[in-house]
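Before any comments, here is the structure.
Note that the structure is a prediction, hence the values are computed from the model and not measured. Numbers here simply count residues along the sequence, with the first being 1.
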Amino acid sequence: MSHNPHYKQIWQTVCAIPAGKVASYGQIADLAGLPGRARLVGKSLGYIPSDMNVPWYRVLRSSGQLAFPKGSEQAMKQTGLLQDENVAVLSHRVKLASFQWQPTLEEMLWKLQQ
């Protein structure tokens, strides 16, 4: 397991995404104070400790597309978890205009403290 010091702040930021909303890898990087580190966000989600409940499935590509290959077991699991939260997944994509998380100032100050 990798022990990148930024993983914890990324996981905390992902945990702040409310049910029924999604965010992009780049958006999470920005909110976690790591601009330009979208790939690090993706990598960190593969190292979530089993005892942590991080809603990894709410993080998508900037286009709203799922990152897993279409039809893969992971993509089907992610689609199911999003649909359980009433997020519409059509053709392997979520319409960001409808479902993208736009944190309020309060969320930015309290939920995303590092």
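Between Ile48 and Trp11, the shortest heavy-atom contact is CG1-NE1, 3.5 Å. Of all non-hydrogen atoms in Gln27 and Trp101, the two that sit nearest each other are NE2-O, 2.7 Å. Here the shortest heavy-atom pairing between Leu31 and Pro103 reads CD1-CG, 3.9 Å. Contact record, Ala67 with Tyr25: CB-OH, 3.4 Å, taken as the closest heavy-atom pair. The two residues Ser24 and Ser62 make their nearest non-hydrogen contact at CB-CA, 3.8 Å. Here the shortest heavy-atom pairing between Pro69 and Ala75 reads O-CB, 3.3 Å.
Interatomic distance, Thr13 OG1 to Leu34 CG, rounded to the nearest 0.5 Å: 8.0 Å. Atom-to-atom distance recorded for His6:NE2 and Leu40:CG is 7.0 Å, nearest 0.5 angstrom. The CG atom of Leu96 sits 9.5 Å away from atom CD of Gln102, with the distance rounded to the nearest 0.5 Å.
Side-chain contact between Ile17 and Ile28 is present, with at least one heavy-atom pair separated by less than 4.5 Å. Gln78 is listed as a side-chain neighbour of Leu60, based on a closest heavy-atom distance under 4.5 Å. Inter-residue side-chain proximity for Lys43 and Tyr7 is flagged as met; some heavy-atom pair is nearer than 4.5 Å. Between Arg37 and Ser44, the closest side-chain pair of non-hydrogen atoms is not below 4.5 Å.
In the hydrophobic cluster analysis, where Ile, Leu, Val, Met, Phe, Trp and Tyr join through side-chain heavy atoms closer than 4.5 angstrom, Met76 is grouped apart from Val89. In terms of hydrophobic clustering, with Ile, Leu, Val, Met, Phe, Trp and Tyr side chains grouped at heavy-atom distances under 4.5 Å, Leu90 and Phe99 are assigned to different clusters.
Applying the salt bridge (Lys or Arg N to Asp or Glu O under 4.0 Å) test to residues at least two apart or on different chains, none of the pairs has a partner in residues 6-35. A side chain to side chain donor-acceptor pair (under 3.5 Å) check over residues 83-96, counting only residues at least two apart or in different chains, returns the pairs Tyr57-Glu85, Arg58-Glu85, Ser63-Arg93. Residue pairs meeting the salt bridge (Lys or Arg N to Asp or Glu O under 4.0 Å) criterion with at least one member in residues 66-77, sequence neighbours excluded, do not occur.
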